[in-house]
Amino acid sequence: MFLKKNNEIVAEEDLEKELQYFSYKIKEYLPLSHFAPIEKALHFANEAHKSQKRLSGEAYLRHPIEVAKICTELKLDIASICAALLHDTVEDTQTSLDEIKEKFGDEVASIVDGLTKLQKITFTSRIESQAENFRKMLLAMAKDLRVIVIKLADRLHNMKTLEAMPEEKRLRISQETLDIYAPLAHRLGINWVKSDLEDLSLKYLKPEIYFKLAEKIVKSQQERNNYIENVLKILEENLKKYNIKFRVYGRPKHVYSVYKKMEFRNVEFEQIYDLIAFRIIVESIKDCYEVLGIIHSLWKPIPGKFKDYIALPKPNLYQSLHSILIGPKGERVEVQIRTEEMHKIAEEGVAAHWAYKEKKKINQQEMDTFNWIKQLLEWKDDLVDSNEFLQTVKTDLFAEDVYVFTPRGDVKEFPRGATPIDFAYSVHTDVGHRCVGAKINNRIVPLRYKLQNGDVVEIITNPNHHPTKDWLKMAFTSRAKTKIRQVVQIEERKASHTLGEEVLEKELKKYNFSIAQLEKIDKLDNLASLTKHTSFDDLLVALGYGKADVKKIIEKILPESARVKKVEDESFIESIIKKVKRKSSTAIKVKGVDDILVKFGRCCSPIYGDQIVGYITRGRGITVHTIDCPKALDMDKERRVDVEWDRKEKTMRNVRIRVFTIDMPGILAQLTKEITNIGSNIIQASIRTTNDKKAINSFEITIEDSTKLYYLLKNIEKIKGVIAAERYSG
């Protein structure tokens, strides 16, 4: 038996070395008497993957081994490490789940199943496949958190070995990691995994920025190490005076966090002062607050930069006191103060809550703290559409949290951006439907008000009130939007049913018929099935939306001899068709429809290569949006139609880009040169400068497709003085 490492044959003893590593790491937190299944799983995985190689050329077995090693760093249990070694066997080899269950038991098989992609299902698009895979993984996580912890380890090793992938795949995987997996690691409290995933994502998405920052951080490291030693010495001298047992250490910020600070503040690296964070670990909560007082007496705290996560823990159970101060030499310094138990949770996250030595899982009280996991099960029922589910996860699950109070003093948690409407629906659906206003801290505020930390929220209701479509623009959480959408869709369905009935009645009238007459001769009973609708009501709704052709219905419902027009006037539906029917020159194909007016949503400005979806607009044809456009997600699904780009006919489309630069002579000329070099034309431009000598350059340009846009943005970011370039909607 062998594994292939760096294209060389390695003997059986190499497997033995890996087993020695696992036994060394596992005995730190588990009895070695539990070790046998890991040895069995390693040999089984080696046999299953023995003929496979990764794109890098090394044996595939290296991947599950490295994933399992990360799991030992996270101190996961034996079942998890076995599942990590076996996680790709069902997906990528001839191994069946039943075989895993037979050899390793139900527990390991259940985890492997949660990690296995849905290969046997045919999807309409890669995005839908990604969304459905992620949906399955999250729902498996709601049953067993170990699924997502192993998945994070899997993603981390894949990110470390991404160089062998084609560029397009590297970019897609990196963006997915930044959007989904890094925030998941944060939610689970595994901060070192989050930091590594963020840094690796930045490395591939914005390599120039990443390597420039990494180089600057290394160059300034010695100076910062000296500063850290100086601050540590001051802290130790002062804390010892109060007989507090503590340990303290300083650490520089990781690359991605520095990049985000620069982007958020719109400053250069040299202007980022709080690059260093100091952690002080003490014995008790009482000591935490005492140390905070001592430090605030040493250095001046910055107003508004103190956070008490001990009194109000984060949803991932993280607890600590955070304060940013003006330290020695006028530099900003962040100090984090916590107990040993809090520190363990901060480092290991949810994994710290499993008592593996006693073969116990997380207890119910701790599980209840992860309310966001419970939301996954609620979203499963409310959000059938996979793309909407994925978008909801991004906006709800990973948003920064806001804590507000009910009038009784209970704490409620919301994503930042939530409004009183979201609060109302969190209390009860009926409270949300009847909401007419809100009091924040005893003051009446508009429903679009953004909730702030510490707000006391009281909802004002009216039993005769109902939500309107405008609420979709004000609500932020998926629960509120889903409940509002349900009511709005019912109202829209009623309106479309009425319109459809009018259209059919008017067309029948031309042939001296009516719906009532057809009902008398039992013509309506089979009309729905003839037109492939589940009921006559559904047929009328489809007519009202414009998704059914009234002429084809007349052909099915009346014999040819009866189809003699009484009135030769143009029908209502014909007038609608005339308005929208014309040859499209938009390079869009609408499934099942020819020669219909197609336009693009200004909200998202799709270009060739974007994933798109179409929506029927009464009297105005089809409006095309990007698949993740928030406006499209709020629309009625019954109006949705399948659209795709016509590969034979590309057209130039308008798109907006924004470039953040240093305010320096000649940079605008370089930007416009890059835009014209790629074959684009500038339709509109606006430039504004900021107080800190930066410039925000906004352009509306014409471009052929998303690939050219990607390379344009990359070329712009290479220009000296450019901080970042991005596509934006608005």
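Position 1 is the first residue of the sequence; numbering continues from there. Worth saying up front: this structure is predicted, and the values here are computed from it rather than measured. Keep in mind that the numbers below use all heavy atoms, side chains included, and drop hydrogens, waters and symmetry copies.
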Once you round to the nearest 0.5 Å, how far does [atom1] of [X] lie from [atom2] of [Y]?
X    : Y    : atom1 : atom2 : answer
N238 : I244 : CG    : CD1   : 10.5 Å
L202 : Y259 : CG    : OH    : 6.5 Å
Q20  : E18  : CD    : CD    : 10.0 Å
I337 : I285 : CD1   : CD1   : 13.0 Å
Y318 : M342 : OH    : CE    : 10.0 Å
R54  : L61  : CZ    : CG    : 11.0 Å

Taking side chain as C-beta onward, heavy atoms only, is [X] less than 4.5 Å from [Y]?
X    : Y    : result
S323 : I295 : no
L239 : I280 : yes
S174 : M159 : yes
C71  : V149 : no
E73  : I190 : no
I111 : F104 : no
V90  : D113 : no
L85  : F44  : no

Minimum heavy-atom separation for [X] to [Y], with atom names?
X    : Y    : value
L55  : M165 : CD1-SD, 3.6 Å
A311 : D308 : N-OD1, 3.0 Å
Q336 : E334 : NE2-OE2, 3.2 Å
G327 : V333 : CA-CG2, 4.1 Å
C82  : V108 : CB-CG2, 4.2 Å
A83  : I150 : CB-CD1, 4.1 Å

Inset, instruction - Please test Y309 against R338 for side chain to side chain contact (heavy atoms under 4.5 Å, CB included), starting from the C-alpha separation and ending with a verdict. - result: CA-CA 10 Å; Y309 294 119; R338 60 181 73 143; over 6 Å; no
Electrostatic pair [X]-[Y], nearest N-O below 4.0 angstrom:
X    : Y    : answer
K194 : E198 : yes
K206 : E726 : no
E215 : K212 : no
K344 : E341 : no
E176 : K169 : no

Other residues, nucleotides, ligands: >12 heavy atoms within 6.0 Å of [X] [atom1]:
X    : atom1 : result
E168 : CD    : no
Y21  : OH    : yes
K245 : NZ    : no
Q94  : CD    : no

Heavy-atom donor-acceptor pair, [X] side chain to [Y] backbone, under 3.5 Å:
X    : Y    : answer
R247 : I281 : no
H343 : E340 : no
D77  : S80  : yes
T72  : K69  : yes

Legend entry - Stepwise side chain to side chain contact (heavy atoms under 4.5 Å, CB included) check, F278 with I228: CA-CA 8 Å; F278 292 89; I228 288 172; 3.9 Å; yes
Legend entry - Whether Y60 and H63 hold their rings parallel, tilted or perpendicular, with breakpoints at 30° and 60°: perpendicular
Inset, instruction - For side chain to side chain contact (heavy atoms under 4.5 Å, CB included), just list the numbers for T95 and L86, CA-CA rounded to whole Å, side-chain angles, deciding distance to a tenth of an Å, and then say yes or no. - result: CA-CA 10 Å; T95 306; L86 302 167; over 6 Å; no
Legend entry - side-chain hydrogen bond (donor to acceptor under 3.5 Å, both in side chains) partners for Y210, two or more places apart: none
Legend entry - Full working for side chain to side chain donor-acceptor pair (under 3.5 Å) between Y181 and D154: CA-CA 11 Å; Y181 292 97; D154 174 53; over 6 Å; no
Inset, instruction - Scan for salt bridge (Lys or Arg N to Asp or Glu O under 4.0 Å) pairs involving residues 93-103, sequence neighbours excluded, and state none if there are none. - result: none
Legend entry - Pair E163-Y204, side-chain donor/acceptor within less than 3.5 Å: yes
Inset, instruction - Under the side chain to side chain contact (heavy atoms under 4.5 Å, CB included) rule, what do I173 and R155 come out as? Steps first, then yes or no, please. - result: CA-CA 9 Å; I173 292 172; R155 180 51 62 106; 3.7 Å; yes
